[in-house]
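Lettering of chains follows the sequences in order, A, B, ..., and the numbering in each one begins at 1.
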Amino acid sequence: YPRFNPDPARIIEYSENIDVLPPIKVNQHNILIDGYHRWKAHETAKKTEIPCEVVQTESEQELLMMAVSLNATHGLQLSPKEKRTYAIKWWNVLPIEDILKSLSISQSTFDTYTKDKRKQYEKELNERVRELYMQCWTEQAIADEVEIDQSVVNRKIVDIMQSAEIGDLHNFDKNAPLDLKVYKLWQFQSATNTVKHFGNIPPEIIDNLLYYFTKPFDVIFDPFGGCGSTIDVCKKRNRRYYVSDLNPIPARVDIRKHDITDGLPNDLPVPDFVFLDPPYWKQAEGKYSDDDTDLANIDLDEFLRQIRGIAKSVKRKWRERKSGYLAIIIGEYKDNGKIIDLPMLCYDEIKQFLPLVCRYQVPYSTQVHGGAFVKMAKDKKECLYINRDLMVFGYGV
DNA sequence: CATGTATGTCCCGCGGGTGA
DNA sequence: TCACCCGCGGGACATACATG
């Protein structure tokens, strides 16, 4: 029943004239549609029977509609407040003509009732478009998702970029503090990401890379997404991101599932910045997955071949425009006491396609060598590595 | 050639204003 | 609150353009 506040005086008035009241209206399940006051009047007059008209209703919605429209045309009209509530509730759910008719209000009244709701809806729509655009969805895919035309999406995106560029381009530090590194030694406190995932790196590394090598709305590609810290930083810094992983963790729906050993994803836009934080060879064996195609589980030659393949296909993407950066963070690896200089080996592969731009030292924030291993190293007169190399290849714009 | 993006044009509907 | 008018923004559609 649609009315919020019944009128007691009306009930008493009706109860004194029980015999002349028209029948009330219920549906097939004895749900009251029309005649609440008449019904209450019968109760007040201690009657056990009441004349009824039974109608069929298909849905909850139809039932409510019928109740409201009957109410609006006779007896006590719904108050404007009640009408407003129903107008807002039905907007974008029912055809406008039906709403206008049931509430017996004009288009302009309906418009003023629903103004706030429509504004809110528009705002949410734009936010959703922006979100999907930042996740590197194509305009057509966004259009399908939010059920508007591609051209509309295109114009919305132009708006978004124009309105954002003023502040964000030059004030990197505006929204969130940046732990900026001015020397080529990038040491940070610890990995702060709360989601536990082996091999996750401090997000400050990506933050600094974005500062030095990218601008707002650049496309950042991270095929070893892990726990998604790249996404968090990109969101903060207004960068578009395409983050994938062989086995995305369920908690992060915005990490795409993709096996980078199959090549670059075919829906990847031309990236401006590629970030590689690969699980390297047997150091992390089995810690990511048992999948044979996981880079953590393959042998050294195959690992290097994959790195080479990524560099090659990334360069192909940049064939036309000759701009973009590829960064890789990687440390040495010890195999039965024998040191494998992975950074050098990776450098050898990547430099065949892209020139080295810059190289940083990134110390591990946690203890990486056990006591026994340190002793063994001392005995064998060997020094132990304690940092990763962060190498940036590519071309400036 | 296929896919994705931008643009020109038409037109609906919304907002705002006014008077009843 | 409603009817009416009017101006304009934004959405739909078709199509041109860009890119790999």
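If you measure from atom CG of A:D149 to atom P of C:dA14, you get 10 Å, rounded to the nearest angstrom. Atom CD of A:E147 is separated from atom P of C:dA12 by 11 Å (rounded to the nearest Å). Atom P of nucleotide C:dT15 and atom CD of A:Q140 are separated by 16 Å, given to the nearest angstrom. Rounded to an integer number of Å, the gap from A:R155 CZ to B:dC10 P is 14 Å. Rounded to a whole Å, the OH atom of A:Y121 is 11 Å from the P atom of C:dG11. One atom, CG of A:L268, and another, P of C:dT19, lie 17 Å apart when rounded to the nearest Å. Between the CG atom of A:N266 and the P atom of B:dA2 there is a distance of 16 Å, rounded to whole Å. Spacing between atom CE of A:M161 and atom P of B:dA6 amounts to 9 Å, rounded to whole angstrom units.
Electrostatic pairing of A:E302 and A:R305 counts as a salt bridge here, judged by a charged N lying under 4.0 Å from a carboxylate O.
Residue A:S151 has its side chain nearest to C:dC13 when only B:dG4, C:dG11, C:dC13 are considered. When each of C:dA12, B:dA6, C:dG20 is scored by its nearest atom to the side-chain atoms of A:I148, the top-ranked nucleotide is C:dA12. Among the nucleotides C:dG11, B:dT5, B:dG8, the one closest to the side chain of A:K156 is C:dG11.
A:R118 comes within 4.0 angstrom of the backbone, heavy atoms only, and of no base. Nucleic acid contact class of A:E122 (heavy atoms, under 4.0 Å, all strands): sugar-phosphate only. When heavy atoms are screened at a 4.0 angstrom cut-off, A:V158 is found touching no nucleic acid atom at all. A:K119 comes within contact range of no nucleotide atom at all, as no heavy-atom separation falls under 4.0 Å.
The environment of NZ in A:K117 is crowded: more than 12 heavy-atom neighbours from other residues, nucleotides or ligands sit within 6.0 Å.
Proximity of a side-chain donor or acceptor of A:R240 to a complementary backbone N or O of A:Y133 within less than 3.5 Å is detected. No side-chain donor-acceptor contact under 3.5 Å links A:H258 to the backbone of A:V243.
Residue A:N387 comes nearest to A:P363 through the heavy atom pair CB-CA, 3.6 Å, listed as atom of the first residue, atom of the second, then distance.
A donor N or O paired with an acceptor N or O is not found under 3.5 Å between the base of C:dA14 and the side-chain atoms of A:Q150.
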Mind running side chain to side chain contact (heavy atoms under 4.5 Å, CB included) on A:N238 and A:M134 for me, showing each step along the way?
-> CA-CA 8 Å; A:N238 220 15; A:M134 296 313 273; 3.7 Å; yes
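Comparing the axis of the opening five pairs of the helix from B:dC1-C:dG20 to B:dA20-C:dT1 with that of the closing five pairs yields an angle of 30°, rounded to 10°.
In this structure, A:F273 and A:Y325 have tilted ring planes: the angle between them lies in the 30° to 60° band.
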